[in-house]
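Encoded as structure tokens, the structure appears first; notes follow it.
Note that these values count all heavy atoms, side chains included, but never hydrogens, waters or copies made by symmetry. Heads up: numbering here begins at 1 and tracks the sequence.
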Amino acid sequence: MYDYISGKLVFKSPSHVVIEAGGIGYHINISLNTYSKVGEVENCKLFIWQYVKEDALTLYGFADDGERRLFLHLVSISGIGPNTGRMMLSSITPAEIQAAIVSGNVALIQRIKGIGPKSAQRIILELQDKLRKEGPDTLTVVPVSKTVKDEALSALVMLGFARNAAEKVLDQEINKNNGDLTVEQLIKFALKTL
């Protein structure tokens, strides 16, 4: 599985790009959101999701990891394939999709081409709690230098704990121990409390 591909941007269109990395040209499908963020740069880095079918191996690229996470949530729903997920990310911004799902705005999701009323309701029903639990900042770019607390919080959220509750417990443990904890120690203390 690829995490990202970084290289020379050889070709760019609203539906796909070709990135040359290590002498290989990768054909990567993108959304309009990613197309607008890529711009006219010479070198490009896209976060990748690889889709394998019996007759095809397809790469989907995203300008940032937040967009990729939202895409993966969308394609996890029965009846929503990669092309529909890409269409959704091309129709409205990832932040608008996330806000619409969390607030239960069926009308906004239904306006996306290929999404009917039943699909819109299913998307909201299946993703509303997940996206609420992850919090509003899941689409933001992850900082390069993470603190011990950030890494522990990220691990706890991935384990399924609510971000707000986990953050509160981590703050208590850090204050109790004057901040002299490793990531592992902090996670162990938090797991006992949560």
Side-chain angles (χ1 to χ4, degrees), residues 1-98 101 112-115 119 123 126-127 130-131 134-160 182-184 187:
M1 175 61 84
Y2 302 106
D3 188 50
Y4 67 86
I5 294 177
S6 181
K8 183 179 178 186
L9 183 62
V10 178
F11 176 80
K12 176 184 160 192
S13 77
S15 63
H16 74 279
V17 295
V18 175
I19 296 178
E20 184 180 328
I24 300 171
Y26 293 93
H27 180 281
I28 305 168
N29 294 301
I30 60 171
S31 68
L32 285 176
N33 180 61
T34 296
Y35 175 78
S36 65
K37 287 185 178 178
V38 167
E40 296 300 323
V41 295
E42 185 176 328
N43 288 312
C44 180
K45 176 182 177 181
L46 292 180
F47 291 88
I48 300 297
W49 180 70
Q50 182 178 357
Y51 182 59
V52 180
K53 280 184 8 183
E54 343 175 310
D55 60 343
L57 186 114
T58 312
L59 297 177
Y60 291 86
F62 308 93
D64 54 62
D65 195 35
E67 182 183 10
R68 178 174 61 179
R69 281 194 305 269
L70 181 59
F71 175 82
L72 292 175
H73 280 309
L74 294 170
V75 297
S76 71
I77 296 169
S78 174
I80 305 291
N83 284 327
T84 304
R86 185 169 65 145
M87 175 65 72
M88 292 179 74
L89 292 170
S90 295
S91 300
I92 56 178
T93 68
E96 289 172 329
I97 293 172
Q98 184 176 17
I101 292 170
I112 299 169
K113 183 181 181 227
I115 303 292
S119 294
I123 290 167
E126 291 188 30
L127 294 182
K130 285 181 187 176
L131 294 179
E134 287 180 5
D137 58 347
T138 56
L139 296 177
T140 57
V141 178
V142 179
V144 175
S145 60
K146 286 185 154 187
T147 64
V148 171
K149 178 188 168 190
D150 291 337
E151 288 188 32
L153 181 61
S154 177
L156 291 169
V157 168
M158 281 180 37
L159 289 172
T182 65
V183 174
E184 293 82 11
I187 291 171

Side chains of Leu127 and Lys130: closer than 4.5 Å at any heavy-atom pair? yes
Write down the atom of Gly85, the atom of Leu74, and the distance for their closest heavy-atom approach. O-CD1, 4.4 Å
Side chains of Pro82 and Phe71 in contact at under 4.5 Å (non-hydrogen atoms): yes
For His16, give me all partners under ring-ring contact (aromatic ring centres under 6.0 Å, His included), at least two apart in sequence or on another chain. Phe11, His27
Using 0.5 Å steps for rounding, measure from the CD1 atom of Ile30 to the CD1 atom of Ile19. 8.5 Å
side-chain contact (heavy atoms from CB on, under 4.5 Å) partners of Ser78, counting only residues at least two apart: none
Pair up each side-chain donor or acceptor in residues 42-58 with any protein partner under 3.5 Å, not counting sequence neighbours, and list the distances.
none

side-chain contact (heavy atoms from CB on, under 4.5 Å) involving Glu184 - partner list, sequence neighbours excluded: Thr182
Please collect all salt bridge (Lys or Arg N to Asp or Glu O under 4.0 Å) contacts where either partner lies in residues 76-93, sequence neighbours excluded, each pair once. none
Measuring only between side-chain heavy atoms, which start at C-beta, is Met88 closer than 4.5 Å to Ile123? yes
Residues two or more places apart in sequence or in another chain: which of them pass side chain to side chain donor-acceptor pair (under 3.5 Å) with Ser15? Ser13
With rounding to the nearest 0.5 Å, note down the distance linking OG in Ser76 to CG in Leu72. 8.0 Å
Not counting sequence neighbours, which residues clear salt bridge (charged side-chain N to carboxylate O under 4.0 Å, His left out) with Lys37? List them please. Asp64
Can you name the nearest heavy-atom pair linking Val183 to Glu151, along with the distance? CG2-OE1, 3.9 Å
Which atom names give the shortest non-hydrogen contact between Ser90 and Ser31, and what distance separates them? OG-CA, 3.4 Å
Please identify each residue that fulfils salt bridge (charged side-chain N to carboxylate O under 4.0 Å, His left out) with Arg68, with sequence neighbours left out. Asp3, Asp65
Side chain to side chain contact (heavy atoms under 4.5 Å, CB included) with Tyr60: of Asn29, Leu89, Thr34, only one passes, and it is Asn29
According to the salt bridge (Lys or Arg N to Asp or Glu O under 4.0 Å) rule, which pairs have a member within residues 8-31, sequence neighbours left out? Lys12-Glu40
Within the side chain of Ser91, is there an N or O that forms a donor-acceptor pair under 3.5 Å with the backbone of Met87? yes
Taking every non-hydrogen atom, the tightest pair across Leu9 and Gly39: CD2-O, 4.4 Å
If we only count heavy atoms from C-beta on, is the Ile80 to Ile115 side-chain gap below 4.5 Å? yes
Angle between ring planes, Tyr26 versus Tyr2, binned at 30° and 60°: parallel, tilted or perpendicular? perpendicular
Close side-chain approach of Ile5 to Leu59, heavy-atom, < 4.5 Å: yes
Can you see which heavy atom on Ala21 is nearest to which on Ser6, and at what distance? CB-O, 3.5 Å
